[in-house]
Asks: 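Please see the structure below; I have some questions.
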2 protein chains.
Amino acid sequence: MVATSCFAEQLTRHVPLSDAEKTALTKLEENPRKIKRGAMIQRANEPITELFVLREGRVMSFVILPDGSRQILRVYFPGDFIGSASTIYSRAPESLVALSDAVVCPFDKHALRRLLEEHPRVAALLFLLSNAERVSMTDRLASLGRTSAKARVAAFLLDMFHRLRVTDDNIKDSFELKLTQEEIGDSIGLTSVHVNRMIRQMEQEGLISRSNGRITLLDVERLEDIGHYTNRHKDMDLDWLPAS
Amino acid sequence: MVATSCFAEQLTRHVPLSDAEKTALTKLEENPRKIKRGAMIQRANEPITELFVLREGRVMSFVILPDGSRQILRVYFPGDFIGSASTIYSRAPESLVALSDAVVCPFDKHALRRLLEEHPRVAALLFLLSNAERVSMTDRLASLGRTSAKARVAAFLLDMFHRLRVTDDNIKDSFELKLTQEEIGDSIGLTSVHVNRMIRQMEQEGLISRSNGRITLLDVERLEDIGHYTNRHKDMDLDWLPAS
DNA sequence: CGACGAATTGAGCGGCATCAATACTTGTGG
DNA sequence: CCACAAGTATTGATGCCGCTCAATTCGTCG
């Protein structure tokens, strides 16, 4: 097999794709670009016409508020479709920075247009995945709006854990977070100091353990309880989609 | 003109539609259903296969956490497309309740499938609008995660204001919120008590004024500053979409 | 007029922020 | 391979924003 499309691979986890569709998706990834850890891929408020497929590494999207504080909006993993905001806005609503060395595949939004025109079923699928991301956002909204610091940390860890598991079957109960405590805090609306206290507390309570950057979830059930977490990946149902 | 489609009308604000497309969209609204204020349209965790177009009134989506607290996820206005989560999940991730007497047009997700198959351009458009809603969610995420109570109230009022203005040209500087202070609080992660204090304070500072349920924004510019609000409606750009 | 939900106001408290100091880790150049 | 620098983690002390509890007042609808 030649250069598989990372993105097609992601999509086929949900719905089988035709060869033509796979080929079209692979075309989006014709221009891989290596990105150094910490490098900015897109800067908020600057004009944009590009979208990305993330092939390797991790990327985050965030905004900086006028007082200098940062809200991390989402952490992206390989196979994710990044920067879909540029489909509607002429200026980037959010910044994109690589959390680790990464490989992204940029493509012009006109390439997306062609894809949508020629492969309506892919268009429908993108619509659905966009909805899934929206639901994921609402979960975080409820977490930030209505739960305690400890609950947010628990929910955040579980979210990362389950999202990583979707593409990586090796993960059993531990994973590399690759985020500083400050970054965790900026994701869930806390200071790094308080994130530290919460993590430390959860460690003492035997909920998690750490070594190097690796986090092990020792009691997923109790964590889900503390974080009011619901795993949405389970009851996805895309069978009603147009057949290929 | 016969029964215009509320939804088609909303879409044409962004991109011109062909007659065939309009007709197809109108079909989604063939079964209007009247809903009483406070009535539940969809209950979280129950099986769903229906989506809705909101034709009249206001509807909110929300979740209830195990401790009984509520997070309101979004307030919907006429012309909005509701319940798109049911395109991916077999069980509703969120509840839907009418905030006022309302008219919704339910349709089966298989009707949506047919629409997506037969009108790929509409599929693309739905994808884009879903992205817009996602961006709107990220704005609220930053608001909840990183701003003060006062800032959240300001941002919330501005958001309602600008969204209402999209469809109602009569609105100049005042509007009917039709939400209790408790509901505002549940939207932005505050208690009704504190929402009251903030509103009251903003009133004293001459930022807003109230009479009955009507809110008047006296100093939009300063409100935008306080709320760190950015009006996204301005720089939408959908011109690159497939031509009809 | 009575009743119930919503708004308003006060008192007191607690969770998380802020500020600050110290340890640890990692990468870099000599 | 060591030494330093810079970033990250950890811990303590203190303070404030927004929550909780509670008591009126206001508004609206039957």
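Note that the coordinates shown come from a computational prediction; the quantities given were computed from them, not determined experimentally. Hydrogens, waters and symmetry mates play no part in the numbers below; they use all other heavy atoms, side chains included. Below, read A as the first sequence line, B as the second, and so on, with proteins coming before strands; counting in each chain starts at 1.
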Asks: With D80(B) as reference, evaluate R163(B), R74(B), R55(B) under the salt bridge (charged side-chain N to carboxylate O under 4.0 Å, His left out) test and give the passing residue.
Replies: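 In the set R163(B), R74(B), R55(B), the residue that makes a salt bridge (charged side-chain N to carboxylate O under 4.0 Å, His left out) with D80(B) is R163(B).
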Asks: Would you say the side-chain atoms of R152(A) pair up with the backbone N or O of I188(A), donor to acceptor, closer than 3.5 Å?
Replies: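 Yes; judged by distance alone, with no hydrogens or angles, the pair exists.
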Asks: Evaluate the ring planes of F81(A) and F107(A), with Trp represented by its six-membered ring, and classify them as parallel (under 30°), tilted (30 to 60°) or perpendicular (over 60°).
Replies: parallel
Asks: State whether T191(A) places a side-chain N or O below 4.0 Å from either non-bridging phosphate oxygen (OP1 or OP2) of dC16(C).
Replies: no
Asks: Scan G189(B) against the nucleic acid and name what it touches under 4.0 Å (heavy atoms): base, sugar-phosphate only, or nothing.
Replies: sugar-phosphate
Asks: Ignoring hydrogens and geometry, is there a side-chain-to-backbone donor-acceptor pair from E94(A) to A44(A) under 3.5 Å?
Replies: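 Side chain of E94(A) to backbone of A44(A): no pair is present.
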Asks: List the steps and the verdict of side-chain contact (heavy atoms from CB on, under 4.5 Å) for D173(B) and V220(B).
Replies: CA-CA 8 Å; D173(B) 61 351; V220(B) 171; 5.9 Å; no
Asks: Specify the separation, in whole Å, of atom CE of M198(B) and atom C1' of dT9(C).
Replies: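 Taking atom C1' of dT9(C) as the reference, CE of M198(B) is at 13 Å.
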Asks: Rounded off to whole Å, could you give me the CG-to-P distance for the D186(B) and dA6(C) pair?
Replies: 12 Å
Asks: What is the distance, rounded to the nearest whole Å, between atom NE2 of H194(B) and atom C1' of dG14(C)?
Replies: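 Nearest whole value for this atom pair: 14 Å.
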Asks: Hey, does the side chain of E183(A) reach the backbone of T180(A) with a donor-acceptor pair shorter than 3.5 angstrom?
Replies: yes
Asks: Let me know the distance between CG of L177(B) and C1' of dA7(C), rounded to the nearest Å.
Replies: 14 Å
Asks: For D67(A) and dT18(C), give me the distance from atom CG to atom C1', rounded to whole Å.
Replies: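 Those two atoms, CG and C1', are 14 Å apart.
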Asks: dC16(C) P sits how many Å from Q201(A) CD, rounded?
Replies: 10 Å
Asks: Five pairs at each end of the helix from dC1(C)-dG30(D) to dG30(C)-dC1(D): take the axis at both ends and give me the angle between them to 10°.
Replies: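 Inter-axis angle at the ends, rounded: 50°.
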Asks: Over 60° means perpendicular and under 30° means parallel, so tell me whether F161(B) and F175(B) are parallel, tilted or perpendicular.
Replies: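 Tilted.
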Asks: Sort me out a list of protein N/O and nucleotides 7-11 of chain D N/O pairs below 3.5 Å, or just none if empty.
Replies:
{"from": "dA9(D)", "atom 1": "OP2", "to": "Q181(A)", "atom 2": "N", "distance (Å)": "2.9"}
{"from": "dT10(D)", "atom 1": "OP1", "to": "R200(A)", "atom 2": "NH2", "distance (Å)": "3.0"}
{"from": "dT10(D)", "atom 1": "OP1", "to": "R210(A)", "atom 2": "NH2", "distance (Å)": "3.0"}
{"from": "dT10(D)", "atom 1": "OP2", "to": "Q181(A)", "atom 2": "NE2", "distance (Å)": "2.8"}
{"from": "dT10(D)", "atom 1": "OP2", "to": "N196(A)", "atom 2": "ND2", "distance (Å)": "2.5"}
{"from": "dT10(D)", "atom 1": "OP2", "to": "R210(A)", "atom 2": "NH1", "distance (Å)": "3.3"}
{"from": "dT10(D)", "atom 1": "O5'", "to": "N196(A)", "atom 2": "ND2", "distance (Å)": "3.1"}
{"from": "dT11(D)", "atom 1": "OP1", "to": "R200(A)", "atom 2": "NH1", "distance (Å)": "3.4"}
{"from": "dT11(D)", "atom 1": "OP2", "to": "R200(A)", "atom 2": "NE", "distance (Å)": "3.2"}
{"from": "dT11(D)", "atom 1": "OP2", "to": "R200(A)", "atom 2": "NH1", "distance (Å)": "2.8"}

Asks: Grab the CZ-C1' distance between R152(B) and dC17(D) for me, whole Å please.
Replies: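 Rounded to whole Å, this separation is 10 Å.
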Asks: Begin from the C-alpha positions of R58(A) and E176(A) and carry the test salt bridge (charged side-chain N to carboxylate O under 4.0 Å, His left out) through to its verdict.
Replies: CA-CA 11 Å; R58(A) 289 183 195 174; E176(A) 302 254 339; over 6 Å; no
Asks: Please report the distance, rounded to the nearest Å, between CG in N212(B) and P in dA6(C).
Replies: 16 Å
Asks: Step through the shown structure and confirm whether more than 12 heavy atoms of other residues, nucleotides or ligands are within 6.0 Å of CD on E46(A).
Replies: yes
